[in-house]
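One structure below.
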Protein chains: 2
Amino acid sequence: MRLTTKGRYAVTAMLDLALHSDEGPVSLADISTRQGISLSYLEQLFARLRHFKLVKSVRGPGGGYRLMSSTADISIAQVVDAVSESLDATRCEGKGNCHEGEVCLTHHLWEDLSAQIHQFLSDITLADLVARNDIQSVRARQDLRVVTMQKDESHIAVSEIL
Amino acid sequence: MRLTTKGRYAVTAMLDLALHSDEGPVSLADISTRQGISLSYLEQLFARLRHFKLVKSVRGPGGGYRLMSSTADISIAQVVDAVSESLDATRCEGKGNCHEGEVCLTHHLWEDLSAQIHQFLSDITLADLVARNDIQSVRARQDLRVVTMQKDESHIAVSEIL
DNA sequence: CCAATTCCGAGTATTTTACTCAAGTATTCA
DNA sequence: TGAATACTTGAGTAAAATACTCGGAATTGG
Ligand code: FES
Ligand code: FES
């Protein structure tokens, strides 16, 4: 089972994209600022997301990324699959040969678990997440903070906008 | 989410123990031979399993390990929990602080996933696995192979017992 | 042109994993 | 009793994976 920072970042970034998709293309720099993910790392992740046709890029100034399909048509499983090798829980990666070339005692158990996890994440779409209250409240906090930071960079005292 | 070789080995070893529990205490050396897991590594794993009261040890010649409870009372989740830190899928380890000390966008999603995985593995007991056909057939193959190896060590030609 | 932005390939420090090794301690059988 | 068996403990380590960084090329709007 491979669910690492990479997969989590990818989902976070895609969700950020979904949340801001009505404002035109979203640049990786924006996502980087809002979500605290390194820009270079995001570039790596989006290369794969683009390869898997989950996003499309718009180059040049004012460019960024857009979702390729509607938020209701992109599942979390797709996103994780795109960046992680797979979210297979077996040791043999499905080949059934991890103990002296033969199937090990627990192979079928891990297969079942993998199927379970995949099903769960396939049933959740970006649209589902966007609709959740807990996520909207996190979003609100983050947007506020980013605005604050931008103002701050323009040498306007934080107190003025609070 | 932390499901590594460690957790898989632990489940494999516990299942091996369950399969041979009617033959008195099972030594780690036996499990090592049958399942192809390093003896020293098994020692590490069983130290934790014992600590979590899933097995008890019988010292001295002819000793080994026994299950602490009936196979129907030991779930896979318990075994994995004992050796892995946890099978939590969040990045913050449940603390909700992975982005600048605050909850990140996807925290709740990973919490849900963790609960799902935990539930799935909690519902499966060693007894369930022992009863499965696929596992019995793997067992049969392994037992045969071990007998063959033992005879071989006693300098009896393999052909004699085939 | 120039600046913003994506695109691409290598390179690398850190962490984790999956072990090994060595020196114990406890128990039992003969 | 004492030797053999087996568990117990703690430290150490090589290899792999992770989570990045870096430098620069390509693209495009203004
Ligand atoms: S996990 Fe597939 S053979 Fe062991
Ligand atoms: S995963 Fe818990 S706060 Fe990000």
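Just so we're on the same page: letters track the sequence lines, and every chain starts at 1.
- A salt bridge links A:Arg132 with B:Asp112: at least one charged nitrogen is closer than 4.0 Å to a carboxylate oxygen.
- Rounded to a whole Å, the CZ atom of B:Phe46 is 13 Å from the C1' atom of D:dA6.
- Nearest to the side-chain atoms of B:Lys6 among the listed nucleotides D:dT21, C:dA18, D:dC7 stands C:dA18.
- Between the base of C:dC8 and the side chain of A:Glu43 there is a donor-acceptor pair shorter than 3.5 Å.
- In terms of phosphate contacts, A:Arg50 brings a side-chain nitrogen or oxygen within less than 4.0 Å of OP1 or OP2 of C:dC8.
- Taking 4.0 angstrom as the limit, B:Thr4 places a side-chain polar atom (N or O) nearer than this to OP1 or OP2 of C:dA18.
- The side chain of A:Ser38 contributes an N or O atom lying less than 4.0 Å from OP1 or OP2 of D:dT21.
- A donor N or O paired with an acceptor N or O is not found under 3.5 Å between the base of D:dT8 and the side-chain atoms of B:Gln44.
- When the P atom of D:dA6 is taken as reference, atom CZ of B:Arg66 falls 14 Å away, rounded to whole Å.
- Side chains of B:Arg91 and A:Thr5: a donor-acceptor N/O pair is present below 3.5 angstrom, by distance only.
- Using a 4.0 Å heavy-atom cutoff across all strands shown, B:Ser40 reaches at least one base atom of the nucleic acid.
- As rounded to whole Å, 12 Å separates atom P of C:dT17 from atom CZ of B:Arg48.
- A straight line from NE2 of A:His51 to C1' of C:dC8 spans 14 Å, rounded to a whole angstrom.
- Mapping B:Leu28 and B:Arg91 onto DNA chain D by nearest heavy atom places B:Leu28 at the nucleotide closer to the 5' end.
- For the pair A:Tyr65 OH and C:dT5 C1', the computed distance is 9 Å after rounding to whole Å.
- A:Val26 and A:Leu39 fall within the same hydrophobic cluster, defined by Ile, Leu, Val, Met, Phe, Trp and Tyr side-chain heavy atoms under 4.5 Å apart, directly or through other members.
- With hydrogens and angles disregarded, no donor-acceptor distance shorter than 3.5 Å links the side chain of A:Arg66 to the backbone of A:Ser21.
- Taking only side-chain atoms of B:Pro61, from C-beta outward, the nucleotide of D:dA19, D:dT5, C:dA18 with the closest atom is D:dT5.
- Look at OH on B:Tyr41: it is 16 Å from P on C:dC21, rounded to the nearest Å.
- For the pair B:Ser27 and A:Val58, both in contact range of DNA chain D, the more 5′-proximal nearest nucleotide belongs to B:Ser27.
- For the 3.5 Å distance criterion, the side chains of B:Thr106 and B:Trp110 qualify, holding a donor opposite an acceptor.
- Note on B:Tyr9: only backbone sugar-phosphate atoms sit closer than 4.0 angstrom, heavy atoms only; bases stay farther off.
- The CZ-C1' distance, from A:Arg8 to D:dC20, rounds to 15 Å in whole Å.
- At whole-Å resolution of the value, CD1 in A:Ile37 and C1' in D:dT18 are 15 Å apart.
- Counting only heavy atoms from C-beta on, B:Ser57 has its side chain closest to D:dC7 among D:dA19, D:dC7, C:dC7.
- Projected onto DNA chain C by closest heavy-atom contact, A:Gly60 and A:Ala47 fall at different nucleotides, the more 5' of which corresponds to A:Gly60.
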